[in-house]
Amino acid sequence: MELALVVVIIIVGLTFDFTNGFHDAANAIATSISTRALTPRAALAMAAVMNFCGAFLGTEVAQTVGSGIIGAPEQTSGLLLVLCALIGAIGWNVFTWWRGLPTSSSHALIGGLVGAALAASATVHWSGILDKVILPMLLSPLVGVVLGYLLHTGILWLFRRSAPRRTMRRFRMAQTVSAAAMGLGHGLQDAQKTMGVIVLALVTAGWQDDFSVPVWVIAAVALAMAAGTYSGGRRIITTLGRRIVHLDPPRGFAAETAAAAVLYTTAFLVKAPISTTQTITAAILGAGATRRFSDVRWQVARSIGTAWILTFPGAGIPAAALYLLLHSVTPL
């Protein structure tokens, strides 16, 4: 049963990573598509490639997720906990994708882990969650808003005397670079969370002694995320690219550049699993607010904010319920 559970966890983990890819594909490319800097097919292909490459840039966030969120019980109970956490996160991803809401796959996964751990009476590292999840979750959108606003304000000042048509053409070209940077940052951040969960399962089963990430895990996760990204997430692309605020190429460039800067900083320096979705959404709000605050469709932004708040219980409660159900019928 232990072998079967580990295999199932790896398969379900890669499935979660696939859903993360199509759910969060909009993070990297919505602005570029909405400003017509890239066609949807070219944008999805580029995002898939950059997601794949980004997964190989580091494993610090993976080790934080694997060892810093919960302490899973040993053997079968711990493996069952990890499996239920993944299923809870997948369910929330699919539901919010269907509703067209750009919520955080990262926080869905962490919510699933915490919910299943509470149901299993396992250890929850609350201090680690506060330092590596809650505080970055609150700060990264704020930084994204401010950076997006300041960067686009600087662009408006620098190009205030430039011909509008030439400026738009240049920023459409620049968006190819900023969208690629965003895709790389998404792969760097989000792929590592699935790596961390798979490594947690391997350690729980006693198949390895530490939380280092094997190369085969990195490669498998990178491929699953790239495939999911290429399949796309058109509903969320529409929400991010058009429903929040009307974007032009300079605003799109400012939002993508600001969000990518936050992703790289938190991955390499803070080693925190932040939400790429929240970061890019906040940066779009900041860049869009440079025209007039009334141009931002705050009702849509409030709906997204509500979905963010519901992400932890939305993934955690089903994960906990599923653990209690499976635990009662599984011989341990």
Side-chain angles (χ1 to χ4, degrees), residues 8-30 44 47-48 51 54-55 61-62 65 69 81-116 133 137 183 185-198 200-201 220-240 263 273-281 303-323:
V8 170
I9 286 171
I10 292 172
I11 293 172
V12 175
L14 295 178
T15 302
F16 167 78
D17 207 46
F18 182 88
T19 67
N20 186 315
F22 78 69
H23 187 277
D24 290 0
N27 294 343
I29 61 177
L44 285 167
N51 270 206
V61 174
V65 173
I69 305 300
L81 184 160
V82 175
L83 177 61
C84 293
L86 285 168
I87 294 174
I90 289 172
W92 184 251
N93 271 357
V94 172
F95 172 74
T96 51
W97 165 81
W98 174 63
R99 298 292 298 174
L101 294 172
T103 56
S104 171
S105 297
S106 308
H107 294 154
L109 180 58
I110 293 169
L113 285 171
V114 172
V133 179
M137 180 186 73
H186 178 259
L188 169 66
Q189 267 283 347
D190 281 42
Q192 289 195 57
K193 291 137 191 177
T194 306
M195 295 178 203
V197 172
I198 292 176
L200 175 61
V221 168
L223 283 171
M225 175 163 284
T229 299
Y230 189 69
S231 70
R234 301 300 175 91
R235 293 172 183 266
I236 297 172
I237 286 171
T238 300
T239 298
L240 277 180
L263 292 179
I274 69 163
S275 167
T276 55
T277 306
Q278 291 182 3
T279 305
I280 185 60
T281 305
S303 298
I304 294 171
T306 301
W308 287 353
I309 294 171
L310 294 176
T311 293
F312 284 108
I317 292 174
L322 184 60
Y323 178 85

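Computed from a predicted model, the values in this text were never measured in an experiment.
Distance OG/Ser105 to CD1/Ile110: 11.0 Å, rounded to 0.5 Å. The CG atom of Leu113 sits 7.5 Å away from the CD1 atom of Ile69 when rounded to the nearest 0.5 Å. With rounding to the nearest 0.5 angstrom, the CG atom of Leu322 is 10.5 Å from the CG atom of Leu81. The CG atom of Leu14 sits 11.0 Å away from the OG1 atom of Thr19 when rounded to the nearest 0.5 Å. Here Leu109 contributes atom CG and Thr311 contributes atom OG1; the two are 12.0 Å apart, rounded to the nearest 0.5 Å.
By the side-chain hydrogen bond (donor to acceptor under 3.5 Å, both in side chains) test, Thr279 pairs with no residue at all, sequence neighbours left out.
Residues Ala315 and Ala108 approach most closely at CB-O, 3.2 Å, considering heavy atoms. Here the closest heavy-atom approach between residue Met195 and residue Ala62 is recorded as CB-CB, 3.9 Å. Of all heavy-atom pairs between Val221 and Ala191, the closest is CG1-O, 3.3 Å. Between Ala85 and Ala319, the shortest heavy-atom distance links the atoms CA-CB, 4.0 Å. A pairwise comparison of heavy atoms in Thr229 and Ala48 identifies CG2-N, 3.6 Å as the closest pair. Looking at every heavy atom in both residues, Ser275 comes nearest to His107 through CB-CE1, 3.7 Å.
Tested against Thr15 for a side chain to side chain contact (heavy atoms under 4.5 Å, CB included), the candidates Ile90, Asn93, Ile87, Thr194 yield a single pass: Ile90.
Val197 places none of its side-chain heavy atoms less than 4.5 Å from the side chain of Lys193. Under the 4.5 Å side-chain criterion, counting only non-hydrogen atoms from C-beta, Leu188 is not in contact with Leu263.
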Between Thr276 and Ser106, does the side-chain contact (heavy atoms from CB on, under 4.5 Å) criterion hold? Intermediate values first, please.
CA-CA 8 Å; Thr276 55; Ser106 308; 5.7 Å; no

With side-chain contact (heavy atoms from CB on, under 4.5 Å) as the criterion, how do Gln189 and Ile274 come out once you've worked through the C-alpha distance, each side chain's angles and the decisive distance to 0.1 Å?
CA-CA 7 Å; Gln189 267 283 347; Ile274 69 163; 3.7 Å; yes

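Looking at Asn51, its side chain never comes within 3.5 Å of a backbone N or O of Ala226 through a donor-acceptor pair.
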